[in-house]
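Inspection log for the structure reproduced underneath, given as C-alpha cells.
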Amino acid sequence: NVRGGRRFDRDVDEAVAGLVCWASSLPGRPAVVLAVDHGPQACTYALEGTRCLVCFAGPNMEADDTIVCSTYFCARRAEPVVLVSS
C-alpha cells in the first residue's frame, strides 16, 4: 500500500512522481498501474511519456477490482505488469 505505508505523509503528486521514477528504473520497462480506491468515477489516466497508469476505482468498486481487471487486460496482451495499490 503505497500511501498507507507512508502514513499519508506525502501528497498524491509526490507519490505519482516517485512511482514514475521507480517505474523507469525497472528492467524491461513493464507497464505500471497505480490502483486507487474509490474516486468520483471509474477512470484511468495514462501519464504522458511513461508506461504508468493511475486507475481510480470509482464509487462502486475498490482498487482490488481494478487490479483484477488490469491484470486480465495485460495477461491477454502477453505484457508484463507491476501493480501498485494505494
Side-chain angles (χ1 to χ4, degrees):
N1 188 319
V2 174
R3 293 189 67 213
R6 302 287 303 161
R7 297 186 314 275
F8 300 97
D9 59 353
R10 293 184 176 201
D11 65 16
V12 172
D13 291 339
E14 188 176 352
V16 171
L19 175 73
V20 170
C21 182
W22 172 74
S24 67
S25 72
L26 295 174
R29 294 193 24 97
V32 177
V33 177
L34 175 63
V36 182
D37 276 328
H38 308 299
Q41 65 182 15
C43 60
T44 300
Y45 297 94
L47 304 179
E48 189 174 340
T50 74
R51 291 188 37 85
C52 296
L53 304 169
V54 179
C55 183
F56 293 89
N60 300 319
M61 294 194 315
E62 295 182 355
D64 291 346
D65 300 313
T66 65
I67 290 169
V68 170
C69 293
S70 298
T71 302
Y72 178 76
F73 175 81
C74 291
R76 287 189 49 118
R77 297 180 61 184
E79 285 197 28
V81 66
V82 176
L83 292 155
V84 180
S85 176
S86 170

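Since this is a predicted model, take the numbers as computed values, not measurements.
- At least one side-chain heavy atom of Val32 sits under 4.5 Å from a side-chain heavy atom of Leu19.
- Residues Phe73 and Val33 fall into different hydrophobic clusters, defined by Ile, Leu, Val, Met, Phe, Trp and Tyr side chains chained together at heavy-atom separations under 4.5 Å.
- Heavy-atom minimum distance, Ala57 versus Thr66: CA-CG2, 3.6 Å.
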Begin from the C-alpha positions of Leu47 and Val16 and carry the test side chain to side chain contact (heavy atoms under 4.5 Å, CB included) through to its verdict. CA-CA 9 Å; Leu47 304 179; Val16 171; 3.5 Å; yes
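- Across Pro59 and Ala42, no two heavy atoms sit closer than the pair CD-N, 4.3 Å.
- Partners of Arg76 according to the side-chain contact (heavy atoms from CB on, under 4.5 Å) rule, which considers only residues two or more places apart in sequence or in another chain, are Tyr72.
- Residue Met61 is not grouped with residue Val68 when hydrophobic side chains (ILVMFWY) are merged at heavy-atom distances under 4.5 angstrom, including chains of intermediate members.
- Leu53 is not listed as a side-chain neighbour of Leu34, based on a closest heavy-atom distance of 4.5 Å or more.
- Between the side chain of Ser70 and the backbone N or O of Ile67, no donor-acceptor pair lies under 3.5 Å.
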